[in-house]
Amino acid sequence: MRIAIIGTGYVGLVSGACFSDFGHEVVCVDKDAGKIEALERGIMPIFEPGLGQLVARNVEGRRLSFTTDLKRAVDGAEAVFIAVGTPSRRGDGHADLSYVYSAAGEIAEALTGPAVIVTKSTVPVGTGDEVERIIREAAPGVRTSVVSNPEFLREGAAIEDFKHPDRIVVGAEDDRAAEVMREIYRPLYLNRAPLLFTSRRTAELIKYAANAFLATKITFINEIADLCESLGADVQDVSRGIGLDRRIGSKFLHAGPGYGGSCFPKDTIALLKTAEDNQAPLRIVEAVVSVNDTRKRAMGRKVIRALGDEARGKTVALLGLTFKPNTDDMRDAPSISIVQALEDAGVNVRGYDPEGMEQARPLMPGVDLYDSPYEAAAGAHAVVLVTEWDVLRALDLRRLAATMAEPVLVDLRNIYPPDEVRAAGLAWHGVGRPQLESA
Ligand SMILES: NC(=O)c1ccc[n+]([C@@H]2O[C@H](COP(=O)([O-])OP(=O)(O)OC[C@H]3O[C@@H](n4cnc5c(N)ncnc54)[C@H](O)[C@@H]3O)[C@@H](O)[C@H]2O)c1
């Protein structure tokens, strides 16, 4: 099948590469000429494990190509996916749909034959109706259907998630569109990934409900972690103790510095706006958003406490800056708020990240970035583990301690067993775990 994908970011590029790997003929479009130029030279604009090889294989097989020319990509395509950004609208937190609607307008102008327009971007309920209106008005003579097909991939594991999804949600209002979607996803369907057909509005809501639920789970365990600290209980054991209950499940129950990233923060807020506009307030999600907001800065205060009596003038090394491992995405990363809180307290901040330093640099201009965790830690008064990259899971703690001005480890991901940390000569601070006497 011929497919055009509008927007070649995390979602568009991964979707395009995977669809072409299924055997479809895919053209990925982006307005950003630099991105397209890089892709044509085989350079990935984002860090995503396995993506470079997948793209190269399908470009070589002539199933995948890139262009800035939307018209050329859409002409003759049976399905056109919209995968442009839907950031928070400045000022009120509603999803900014301007990119989606302008993509819809451009698609309508480019259509020459029947096509299914598929919204893959995360969009509020009712957006599909508006996309349909835009396309019908601008291309009245062309047979089109508008479908919602929200994406659930996780950055860092995007290809695996795309090829082995827990489910594929399709909100289609007519049989022909449903049939086209079934055809597109046939290879996954054969692998038994459930294809869930719903109304278009329902599909749009499923995406927000899923993200809000996961954000709630994270925030719940983070609050339990705070309670554990007050009670001398251990949140790791609480997580295990509740997560083994299959009704609850163990995923998203790791206490940490709060959720960030390109989805949860903006999607929870956008869902609240939809709820408010429809007089069906979501009090639980309201609490989640507010608890998570205050948590990120509270992590900065935790580090300041770990520095002892006087934080001003001391140096702290943050290890792991991206919002999670295996991505270079810095959008709404907790590290940003932690840096702010530390700098406000007069602390000198250093940083290290395996992949995210280029993205981090403009967001934290006062932070000195180093090429290795050991270089960042040398002479520091505390090291803070912010993101659990694999390369940070097996640090030589003795080596780290030996070069620090004061050997203090604040482990915001509970990666290291406290005893191991203390045995290496470092004072240990974790999240939601009993703080015993330092060795
Ligand atoms: N990143 C994720 O993990 C993830 C997961 C699931 C869903 N989503 C959703 O998918 C959507 C896309 O997210 P993303 O992270 O891939 O965004 P992104 O910002 O990385 O990429 C969007 C791309 O669209 C391009 N673009 C915008 N308007 C265009 C137009 N008219 N024509 C051509 N290109 C255009 C931009 O230049 C940009 O490269 C969002 O709605 C997001 O919420 C993201």
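Position 1 is the first residue of the sequence, and the numbers go up from there. Numbering of ligands and ligand atoms starts at 1, following listing order. Model, not experiment: these values are computed from the prediction. Just so it is clear, the values below take in all heavy atoms, side chains as well, and ignore hydrogens, waters and symmetry mates.
- The Gly7 neighbourhood of ligand 1 comprises atoms 23 (C), 24 (O), 25 (C), 34 (N), with distances under 4.0 Å to a heavy atom of that residue.
- Counting heavy atoms closer than 4.0 Å to ligand 1, residue Ser121 contributes atoms from both its backbone and its side chain.
- Close approach to Lys35 involves these atoms of ligand 1, each under 4.0 Å from a residue heavy atom: 38 (C), 39 (O).
- At least one heavy atom of Lys266 sits under 4.0 Å from some atom of ligand 1.
- Here's the thing with Ser102: none of its N/O atoms is less than 3.5 angstrom from an N/O atom of ligand 1.
- The single protein non-hydrogen atom nearest to atom 9 (C) of ligand 1 is Thr122 OG1, 3.4 Å, given as residue, atom name and distance.
- Between Leu409 and Tyr416, the closest side-chain pair of non-hydrogen atoms falls below 4.5 Å.
- At a heavy-atom cutoff of 4.0 Å, ligand 1 is contacted by no atom of Arg154, backbone or side chain.
- Given atom 21 (O) of ligand 1, the protein heavy atom at minimum distance is Gly9 CA, 3.2 Å.
- Looking at Val11 next to ligand 1, an N or O pair under 3.5 Å apart turns up.
- Protein heavy atom nearest atom 22 (C) of ligand 1, with residue, atom name and distance: Gly85 N, 3.7 Å.
- Counting only heavy atoms from C-beta outward, the side chains of Val410 and Val383 never approach each other to under 4.5 Å.
- Counting heavy atoms from C-beta outward, Val29 and Ile5 have side chains that stay 4.5 Å or more apart.
- Atom CG of Asp175 has 12 or fewer neighbouring heavy atoms from other residues, nucleotides or ligands inside a 6.0 Å radius.
- The aromatic rings of Phe47 and Trp389 lie tilted to each other, with the angle between the two planes from 30° to 60°.
- Of all protein heavy atoms, the one lying nearest to atom 1 (N) of ligand 1 is Glu155 OE2, 2.8 Å.
- Tyr99 OH: 12 or fewer foreign heavy atoms inside a 6.0 Å radius.
- Other residues, nucleotides and ligands contribute only 12 or fewer heavy atoms inside 6.0 Å of the CZ atom of Phe213.
- The main-chain N or O of Thr122 is found under 3.5 Å from a side-chain atom of Thr86 such that the two form a donor-acceptor pair.
- Polar contact check, Lys120 against ligand 1: no nitrogen or oxygen pair lies under 3.5 Å apart.
- Using a 4.0 Å cut-off between heavy atoms, Arg331 contacts ligand 1 through its side chain alone, with no backbone atom that close.
- Take Phe162 and apply the ring pair (Phe, Tyr, Trp, His ring centres under 6.0 Å) test, not counting sequence neighbours, and it matches Phe19.
- Atom 6 (C) of ligand 1 has as its closest protein heavy atom Glu151 O, 3.2 Å.
- Nearest protein heavy-atom contact of atom 30 (C) of ligand 1 is Lys31 CG, 3.7 Å.
- Annotation: Thr86 places an N or O atom under 3.5 Å from an N or O atom of ligand 1; distance criterion only.
- Considering backbone and side-chain atoms together, Lys207 places no N or O closer than 3.5 Å to any N or O of ligand 1.
- Protein heavy atom in closest approach to atom 27 (C) of ligand 1: Val84 CG1, 3.5 Å.
- In this structure, Arg167 forms a cation-pi arrangement with Phe152, its terminal cationic atom sitting closer than 6.0 Å to the ring centre and no more than 45° off the ring axis.
- With a 4.0 Å heavy-atom cut-off, ligand 1 is reached by no atom of Pro150.
- For the pair Arg154 and Glu48, the salt-bridge criterion is not met [side-chain N within less than 4.0 Å of a carboxylate O].
- With ligand atoms numbered from 1 in the order given, ligand 1 contributes 1 (N), 2 (C) to contacts under 4.0 Å with heavy atoms of Ser262.
- By the side-chain hydrogen bond (donor to acceptor under 3.5 Å, both in side chains) test, Arg41 pairs with no residue at all, sequence neighbours left out.
- Counting only heavy atoms of the protein, atom 23 (C) of ligand 1 lies nearest to Asp30 OD2, 3.6 Å.
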